[in-house]
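Quick notes on the structure that follows.
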Amino acid sequence: MKKTLVLIITLILCLGASAEDGHQLWLRYQQTHAQVNAPQGGEILNTACRELRNYWLGQAINLQLVSQNIVAPEGYAFDGKTLKASTESGLLYGAYALLREQTVRGTAKGIILKSTPKSKYRILNHWDNLDGSIERGYAGKSIFWNSPIKGEAYDTRLKEYARANASVGINGTVLDNVNASPKMLTHTYLDSVAHIANILRPYGLRVYLSVNFGTPKALGATNTADPLNKRVINWWNKKAKEIYKLIPDFGGFCVKANSEGQPGPFDYGRTHAQGANMLADALKPYGGLVFWRSFVYGSKHKGEDRVKQAVSEFADLDGTFRENVILQSKNGPLDFQPREPYAPIFDQMHHTTQAVELQITQEYLGHDKHLVYLAPMWQEFFSFVSVNRLKGVVGVANIGDHINWCGHPFAQSNWYAFGRLAWDASLNSKTIGEEWLIQTYTDKYQFVAPVLDMMLSSREACVDYMEPLGLHHIMAFDHHYGPEPDGFIASYPIEWCPVYYHKADAHGLGFERSSKGTNATAQYPEPYRSLYDNLATCPPEYLLWFHHVAWNYRMPSGRTMWQELNAHYNKGVKTVQNYENLWQQMKPYIDEARWQHTANLLHLQEQNAELWRNTCLKYFATFSKMPIE
């Protein structure tokens with residue numbers, strides 16, 4: 001009896017130890033001992049060789065460094081026998097491309113590849129605080145700042161993180177929140193940054209830091225942070241020298257200035273360009289960059305339509321920024337909503353280097369509770385703004401110390417898709433989703449095909465049950481989870497309140513941004529300016545973004561606007577109900593742990609979708625005086 005009990009306990013422990021927890025992400029390679037022939041090189045080349053030796057399933061493979069005339073920097077080419085690149089990073093990205101391709105194909109035979117990144121800077125922004133918390137983070141604590149004792153487990157986690165990023169071509173990471181602490185630039189934390197940089201470097205990742213513009217004053221080194229003050233300039237010059245002595249390949253600074261209460265050059269009567277250029281001059285001798293964010297909400301143009309403020313503040317500064325300043329702007333003009341028109345600042349800055357900021361973490365899309373595949377959203381942006389106009393693609397990370405990294409098992413797909421689209425924005429959302437499913441779950445067609453369809457429709461479903469027809473920012477205050485269309489607090493700035501954005505009244509619904517209202521449409525070039533300005537030609541998906549529309553306005557579908565609103569909310573709920581039913585059918589094809597985790601979350605998502613529909617339609621019906629359908 002005792003022997004039997006011991007056997008049962010041992011079996012349970014073994015099963016528990018091998019249970020699927022999602023920690024391996026999409027890097028579930030089969031162990032091999034491949035022959036790799038390579039020249040002598042540095043630690044990045046060594047990483048590429050190690051990965052291929054451990055996981056390449058084909059014949060002996062050669063790695064070769066060649067002239068940039070043959071392969072562009074960070075690009076790679078594979079002819080079936082030899083992997084060529086002009087940099088060690090190129091060989092590393094090529095190695096991971098080969099492993100990805102053989103996993104998706106199920107064989108290493110016949111692989112021929114050639115690829116070059118379309119964006120030079122492919123960077124994750126971590127909104128991680130020094131106390132270990134993460135602003136808009138839904139997957140646990142920071143992997144950088146939540147460990148009081150740096151040890152083997154800490155280092156291992158960072159290596160795994162670096163490996164995952166390198167596998168999809170991400171080449172930089174910002175380690176701290178854009179709402180930055182001045183303490184970030186003190187000796188204690190810079191030593192930690194140097195330690196992190198040493199771990200990430202073999203995987204081709206450079207580290208960057210978000211910095212508080214008022215740091216020298218906040219630390220008591222100066223009595224001002226005026227960017228034209230000689231003592232302030234000298235302080236930043238010395239700090240840059242200190243950083244690069246510790247981290248020779250340090251990437252540079254990310255700055256949120258004069259937005260939501262953050263200090264900046266406006267505090268001293270200076271411009272964004274003067275502030276950014278002062279930092280850029282300090283970094284220039286070392287090759288460092290300044291990513292200056294254009295999210296300037298609440299700073300200078302009080303009372304102006306929030307979606308116009310970035311253009312209002314930056315358009316006149318075009319051409320005045322240093323060459324090593326990159327203007328970083330969100331994909332839409334507001335704030336990472338489920339759907340926004342593209343931000344017109346990308347059309348206004350013709351002589352300023354720009355980068356787009358995408359949000360991987362689902363601040364406004366159900367946090368880590370909703371399955372929402374974001375590649376279609378990002379492809380929508382790139383259909384308006386060519387990646388050729390951008391120097392960088394930046395993503396606000398959804399990564400924490402949760403065992404599966406991202407909370408929701410399917411949230412991993414957004415980290416993966418961000419990397420793939422940052423490398424090449426012309427890639428298809430369907431192709432990326434299929435790659436991720438096969439590498440993360442299984443190559444069984446019975447699983448991949450229906451689940452891929454679910455992923456591809458999930459963003460539109462989210463828009464339908466949250467904010468259809470161009471509605472926006474009607475989420476609950478502060479945490480932005482769940483609906484609050486009646487949100488109004490008199491003591492808050494009106495632009496914090498949901499009622500400001502939908503403007504429901506007896507006549508209709510929507511924010512008038514046409515030439516009849518705030519004239520935000522004038523910030524767009526033709527043909528979009530006229531298209532969006534005219535109620536009759538405005539695309540239905542942006543209708544209530546740009547226009548205040550009568551409840552009985554006849555839509556292209558033949559339904560009234562009120563009927564159309566009902567139809568979208570109902571469609572969104574029905575789609576998530578179908579996801580639940582579909583997922584029940586997928587149970588035989590994957591492990592129990594991840595299946596059950598996703599099943600529980602899909603049930604919660606369905607409940608949330610119903611709450612969104614019922615809350616919003618009930619509230620808007622008090623204005624429309626029409627029956628809910």
Side-chain angles (χ1 to χ4, degrees), residues 16-17 19-29 42-44 46-47 50-51 54 92 96 123-168 170-178 180-181 183-211 242-243 245-251 254 360-361 368 395-407 411-412 415-416 419:
E20 178 60 70
D21 56 19
H23 187 71
Q24 294 182 74
L25 299 164
W26 50 87
L27 302 170
R28 300 157 188 274
Y29 304 137
E43 51 192 356
I44 296 176
N46 292 339
T47 301
R50 182 177 66 251
E51 293 288 335
N54 287 341
L92 179 65
Y96 283 119
I123 300 175
L124 288 182
N125 275 192
H126 288 266
W127 287 359
D128 294 17
N129 299 312
L130 299 185
D131 64 0
S133 64
I134 303 175
E135 185 173 343
R136 309 305 180 189
Y138 313 108
K141 298 288 188 178
S142 170
I143 64 171
F144 304 117
W145 309 114
N146 192 44
S147 179
I149 301 175
K150 306 294 190 290
E152 184 177 349
Y154 175 87
D155 290 359
T156 297
R157 182 81 170 190
L158 292 185
K159 289 177 184 176
E160 293 171 337
Y161 163 82
R163 183 172 180 248
N165 282 321
S167 74
V168 290
I170 294 170
N171 64 1
T173 183
V174 182
L175 302 179
D176 61 318
N177 193 353
V178 290
S181 168
K183 292 190 294 185
M184 187 72 255
L185 294 183
T186 60
H187 298 295
T188 299
Y189 286 101
L190 288 178
D191 284 343
S192 294
V193 173
H195 177 78
I196 294 169
N198 290 339
I199 294 172
L200 305 189
R201 188 174 294 112
Y203 294 87
L205 260 72
R206 282 189 170 190
V207 299
Y208 298 74
L209 292 176
S210 289
V211 296
E242 176 189 350
I243 292 172
K245 186 175 181 180
L246 289 169
I247 313 161
D249 59 348
F250 179 69
C254 175
I360 308 170
T361 191
D368 65 332
V396 182
N398 64 344
I399 298 158
D401 68 358
H402 190 288
I403 190 63
N404 81 351
W405 300 90
C406 301
Q412 295 177 0
W415 179 9
Y416 180 88

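Values in this document were obtained by computation on a predicted structure and should not be read as measured data.
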Heavy-atom side-chain proximity of His195 to Asp155 below 4.5 angstrom:
yes
Can you find a heavy atom in the side chain of Val396 that is under 4.5 Å from one in the side chain of Arg136?
no
Positive for ring-ring contact (aromatic ring centres under 6.0 Å, His included) with Trp26, one of Tyr96, Tyr416, Trp405:
Tyr416
Identify the heavy atoms of Gly22 and Gln412 that sit nearest to each other, and give their distance.
O-NE2, 3.0 Å
Is any side-chain heavy atom of Leu209 closer than 4.5 Å to one of Asp176?
yes
Using 30° and 60° as the class limits, which term best fits the ring planes of Phe250 and Tyr208: parallel, tilted or perpendicular?
tilted
Could you tell me whether the side chain of His402 and the main chain of Gly140 form a donor-acceptor pair under 3.5 Å?
no
In Å, rounded to the nearest 0.5 Å, how long is the span from OH of Tyr154 to OG of Ser192?
6.5 Å
Any chance you could measure His126, atom NE2, to Asn398, atom CG, to the nearest 0.5 Å?
9.0 Å
Between Asn404 and Gly407 (side chain of the first, backbone of the second, donor and acceptor by atom type, cut-off under 3.5 Å), is there such a pair?
yes
Quick one: do the Asn165 and Trp415 side chains pair a donor with an acceptor below 3.5 Å?
yes
Side chains of Tyr161 and Thr173, donor plus acceptor under 3.5 Å
yes
Can a donor-acceptor pair be found, under 3.5 Å and without considering hydrogens, that links the side chain of Ser210 to the backbone of Ala180?
no
Quick one: are Ile243 and Val193 in side-chain contact, heavy atoms under 4.5 Å?
no
Applying side-chain hydrogen bond (donor to acceptor under 3.5 Å, both in side chains), name anything that partners Ser133, two or more places apart in sequence or on another chain.
Asn129, Asp131
Using the side-chain contact (heavy atoms from CB on, under 4.5 Å) rule, pick out the option among Asp191, Thr186, Leu185 that qualifies with Tyr189.
Thr186
Separation between OH of Tyr203 and OG of Ser167, rounded to the nearest 0.5 Å
11.0 Å
Look up atom CD in Glu43 and atom CZ in Arg50, then write down how far apart they are to the nearest 0.5 Å.
10.0 Å
Would Leu175 and Trp145 satisfy side-chain contact (heavy atoms from CB on, under 4.5 Å), going step by step from the backbone distance to the final call?
CA-CA 9 Å; Leu175 302 179; Trp145 309 114; 4.2 Å; yes
